[in-house]
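The structure appears below as structure tokens.
Residue numbers begin at 1 in each chain, while the letters A, B, ... track the order of the sequences.
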Amino acid sequence: MRPAADAIEGTPERSSARSIDWTAPFSIVMALLLASLVLLPMFWLALTSLRDDSGRFTLEHYRQLVVDPAFLKPLANTLWTSCAVGALCVIAAAPMSWLVSRTDLPGKRLLRVLILASFVTPPFLGAFAWVLLGGPNAGLLNQWYYGLFGLKPFEAAPLLNIFSASGMVFVIFLYTFPYVFTFVANSLDLIPSELEEASAILGASPFRTALHITLPLGLPALLAGFLVAFLQSMTLFGPPAILAMPAGIDVITTKIWSLFQFPPRLGLAAAASLPLLPITVALLRAQTLILGRRGYAVISGKSGGRQLIRLGAWKVPALALFALVLGCSIALPYGVLLRTSFVKNWSRPLADNLTLEHWRFVFLEFSQTKLALQNTFVLGIAAATAGTILVTAVGYLSLRKIVWGHRSLAFLANAPVAIPGIVLAVGLFLSYTRPPLVLYGTLWIIFFAYLTKELPVGYQQISASLKAVHPELEDASRIFGATRLRALFDITAPLIRNGVIATWIFIFIGSIRELSATILLFTARTKTISVTMFDLRESNDWGPIAVLSTTMLLITFGMVAVIYRFTDRRPT
Amino acid sequence: MRLIPLNALCTFWWVAAIALPVAAQETTPELVAAAVKEGRVVWYSAVDVKVAEAVAKTFRASYPKIQIDVERAGSERVFQRINQEYQSGIKNVDVVNSSDASHFLFWKQQKWLAPHTPPDVKRFGARYKDPEGYFATWRATLNVIAYNTNLVSPKDAPTGYLDLLDPKWKGKLVKSHPGYSGTSLTGTYALTKALGWEYFEKLSKQAVQQLQSTTAPPKSIASGERVVMVDGNEYNMFMEIDAKSPVKIVYAKEGTPFVTSPGAIFAAAPHPNAARVLQNFLFTVKVQQLLVNEGGLRSVHPDVNYPPGRTPLAEIKLLPDDPEGMLPLIADIKKRYTAIFGN
């Protein structure tokens with residue numbers, strides 16, 4: 001591809017005569033790729049759910065789902081725990097985002113960074129950490145509690161029992177509230193404060209203003225946040241497997257997983273997966289409706305300087321709220337993982353207990369470490385690179401309404417939001433364990449899972465950047481004879497460079513932490529760090545788990561630091 | 001219950017020597033050369049990950065030119081993984097070890113195993129090897145009850161399974177799951193024969209914490225997370241005792257399930273020569289003694305010595321395993337158990 005300057009210097013006739021416009025074939029290839037990524041697994045899922053072992057049509061799997069309490073109960077558990085997670089997230093995130101957006105709370109930048117840290121912490125890592133903190137008898141917090149009040153484990157009730165449905169809800173909340181916070185804080189930043197100032201001038205107290213003016217304006221964002229939290233919670237596999245299963249509580253994702261035990265009941269697994277799709281679609285639809293009706297929320301983005309509310313002595317409880325939530329999501333879990341990685345017996349005091357044995361074991365002896373790290377990186381880099389290219393192209397084609405059917409392109413790119421990881425995995429397993437493409441057992445099938453799963457995140461990220469670039473620059477290059485594709489690569493792509501880098505890193509971080517789809521798709525040669533940890537958990541090997549967790553967090557934060565560097569250096 | 005006496009063992013050695021197929025079973029220099037050419041061997045094992053890696057380390061020391069990949073998971077998951085891979089046409093595993101002896105019957109029926117008798121196995125008792133040479137007991141363990149000595153005094157400790165139904169243990173018990181662990185499955189089958197399913201129904205009223213692998217409950221009581229384990233590997237208990245954890249084993253008065261854990265080679269092994277080198281190595285006295293010393297396991301190798309402090313098998317009332325009897329009932333056991341305890 002020639003540089004842009006060349007195209008501008010050349011006369012229009014010459015350029016258009018020489019270069020072939022690859023836009024149409026390129027669009028078709030992208031559309032086909034996207035369609036096969038998303039639709040093929042769904043097709044096999046639907047088909048398998050309707051066939052018996054000999055391939056005849058049957059509704060038996062669905063009948064079993066509806067009549068067997070072994071399925072109804074997990075479904076009910078999924079629904080109520082997800083509701084609880086959504087509610088907790090809203091309760092915590094609403095005041096937090098208001099404090100950050102509207103008041104003179106100190107250390108806002110740091111608080112936002114810490115919330116971002118909870119956001120990128122894999123929920124299953126949080127669940128591991130909370131086993132060590134909140135195990136009812138040996139958990140460090142409970143030990144401390146027993147010690148403080150002179151109680152004895154097993155005789156007194158523990159401070160908290162993490163092996164329970166509420167324990168699971170709590171841990172999922174810790175790593176899901178950042179979604180709601182981001183939603184609400186961003187929308188509060190955009191809502192001009194004139195109305196609130198008017199209310200203050202008319203004599204309302206800050207609290208009253210917040211309740212009567214800010215809250216209604218931010219309500220759509222809160223509701224949307226609730227739905228996102230619900231969805232997130234519904235599709236998770238790690239925390240329920242780590243925290244709820246030991247208490248004999250199943251949710252739908254762990255149930256689907258258990259159907260893969262030999263002999264796998266694929267028809268039933270497919271039938272159990274499908275009900276999650278309409279639930280998700282309905283939730284997303286509700287979210288669009290809520291956010292779409294924001295006519296009364298005068299979002300202009302052109303508001304003047306904002307008068308921050310002085311908190312005064314209220315700073316103390318405000319900061320205490322942040323300390324409590326972030327302490328539970330960051331400080332305690334990271335601390336306990338680090339501690340566990342350096343001690344012989346995690347439940348005993350540090351004295352006489354220190355060791356480097358776990359680090360030595362993981363990096364020098366454990367034969368899966370190298371392969372798992374390698375696979376994780378290969379998959380992360382491949383999915384991020386392919387995903388970024390795909391969403392950039394699709395985002396461009398659909399946002400600029402270049403090709404016929406651009407709406408369906410956007411729809412396909414966003415559709416995987418509605419597909420929980422484990423459902424996608426069942427679909428991919430069914431699609432790629434049969435000819436013509438037998439990909440099970442290779443990294444490809446996991447690559448497709450990651451690519452598909454991360455499409456929506458990447459698409460949202462890139463379309464936000466694309467919308468910020470006015471098409472006039474592209475139009476200029478088009479007038480000088482560049483093709484659409486060329487305008488994309490020579491004009492638009494460089495302009496949205498930061499957005500592209502951020503997209504890449506988002507997909508990378510999303511990929512290296514993936515567990516819910518990988519757990520069904522990996523084989524011995526294609527293990528990742530996340531499933532290696534999950535295998536270690538089966539035998540309660542907390543030391544090595546803590547070492548791998550710490551390693552994974554270091555990698556993740558390294559990548560986040562790179563994002564910050566890139567987005568800070570270049571003014572946008 | 002006792003192990004096969006020495007004279008019977010000699011007879012079997014005799015029978016084995018004439019009955020077994022005469023293929024190249026020994027680790028000859030030619031075999032090693034062919035194995036080095038393959039360069040790699042893949043071992044799926046259900047043994048504790050630290051023990052597995054210790055074995056791998058000694059293998060590396062003996063055969064530095066053959067890379068050994070260890071894939072460790074609970075027996076039932078090893079079984080699921082291999083079957084899922086074979087159904088999808090993936091031939092990845094060379095040598096396997098699982099604590100669910102019935103898996104080997106299944107794989108043998110499927111004709112997936114290669115007959116191979118390591119030299120040391122010729123001297124094993126007949127109970128501990130397949131008559132046609134498809135598999136042999138690589139290790140054995142007992143599925144024991146145990147408790148945390150800081151939390152229970154010896155006079156209050158349970159003496160058997162029925163004691164665990166006492167309301168005082170409610171919320172204090174931990175156990176593994178037959179859906180994931182072969183040792184647990186074998187133990188569950190033995191206990192249903194000895195005590196019936198009613199026992200498990202009553203036990204489920206005790207708010208038992210349900211873990212998966214039988215390697216997990218010993219770690220749970222060692223950390224003090226639970227007080228008594230209903231079932232768990234004796235070898236993990238020995239490892240905990242060696243590490244000075246405050247735990248003690250109980251050999252139940254109703255009998256303790258004895259779980260043999262065979263090893264085999266797959267016929268379609270991608271590294272057939274390296275597989276044979278590894279399999280022979282795994283059954284040598286050196287490795288068997290390592291399993292006993294460092295892994296706390298039981299070995300059926302006649303030359304192995306037990307360190308002091310381990311109760312000899314002869315003094316323990318055993319519930320022997322019965323893979324043939326269990327095989328047709330596996331799905332049923334898992335289903336009933338899951339209905340009682342959840343997944």
Review point. Does anything in residues 225-239 of chain B get under 4.5 Å of chain A by heavy atoms, and if so which residues?
Key: E225(B), R226(B), V227(B)
Review point. Using a heavy-atom distance cut-off of less than 4.5 Å, which residues of residues 208-217 of chain B contact chain A?
Key: V208(B), Q209(B), Q210(B), L211(B), Q212(B), S213(B), T215(B), A216(B)
Contacting moiety of [X], where chain A heavy atoms sit under 4.5 Å:
{"X": "I68(B)", "result": "backbone"}
{"X": "Q67(B)", "result": "neither"}
{"X": "K168(B)", "result": "neither"}
{"X": "K50(B)", "result": "both"}
{"X": "S181(B)", "result": "neither"}
{"X": "K172(B)", "result": "both"}

Counting only heavy atoms closer than 4.5 Å, note whether [X] contacts chain B via side chain, backbone, both or neither.
{"X": "P246(A)", "result": "both"}
{"X": "W257(A)", "result": "side chain"}
{"X": "L520(A)", "result": "backbone"}
{"X": "L371(A)", "result": "neither"}
{"X": "T523(A)", "result": "both"}
{"X": "A524(A)", "result": "both"}
{"X": "F522(A)", "result": "side chain"}

More than 12 non-hydrogen atoms from neighbouring residues, nucleotides or ligands closer than 6.0 Å to [atom1] on [X], yes or no?
{"X": "W444(A)", "atom1": "CH2", "value": "no"}
{"X": "K108(B)", "atom1": "NZ", "value": "yes"}
{"X": "D332(B)", "atom1": "CG", "value": "yes"}

Check your understanding: Based on non-hydrogen pairs under 4.5 Å, which of R77(B), K334(B), K57(B), K170(B) is most in contact with chain A?
Key -> R77(B)
Study note, to complete from the structure: Pair count under 4.5 Å, heavy atoms only, with chain A: among G179(B), A331(B), G171(B), highest is G179(B)
Practice item. Output yes when E71(B) and K527(A) qualify as a salt bridge under the 4.0 Å nitrogen-oxygen rule, no when they do not. Key: yes
Review point. Do D541(A) and R72(B) meet the salt-bridge criterion of a basic N to acidic O distance under 4.0 Å?
Key: no
Point-to-point distance, once rounded to the nearest 0.5 Å, from [atom1] of [X] to [atom2] of [Y]:
{"X": "S245(B)", "Y": "K344(A)", "atom1": "OG", "atom2": "NZ", "answer": "11.0 Å"}
{"X": "W542(A)", "Y": "S223(B)", "atom1": "CH2", "atom2": "OG", "answer": "10.0 Å"}
{"X": "S176(B)", "Y": "N540(A)", "atom1": "OG", "atom2": "CG", "answer": "11.5 Å"}

If you define the side chain from C-beta out and look only at heavy atoms, does anything of [X] sit under 4.5 Å from [Y]?
{"X": "D69(B)", "Y": "Q368(A)", "value": "no"}
{"X": "V70(B)", "Y": "F366(A)", "value": "no"}
{"X": "R60(B)", "Y": "S367(A)", "value": "yes"}

Study note, to complete from the structure: Note: S88(B) and V438(A) closest approach over all heavy atoms is O-CG1, 3.9 Å
**Study point:** Nearest heavy atoms of A138(A) and G224(B), plus distance in Å
**Key:** CB-C, 3.8 Å
Review point. Is there a donor-acceptor pair closer than 3.5 Å between any side-chain N or O of E365(A) and the backbone N or O of E53(B)?
Key: no
Check your understanding: When only pairs under 4.5 Å are counted, which of G135(A), G441(A), G139(A), P264(A) shares the most heavy-atom pairs with chain B?
Key -> G135(A)
Exercise for review: Determine the option with the most heavy-atom pairs under 4.5 angstrom with chain B, choosing from T254(A), T433(A), D535(A).
Suggested key: D535(A)
Check your understanding: Any chance the side chains of E85(B) and Y440(A) put a donor and an acceptor closer than 3.5 Å?
Key -> no
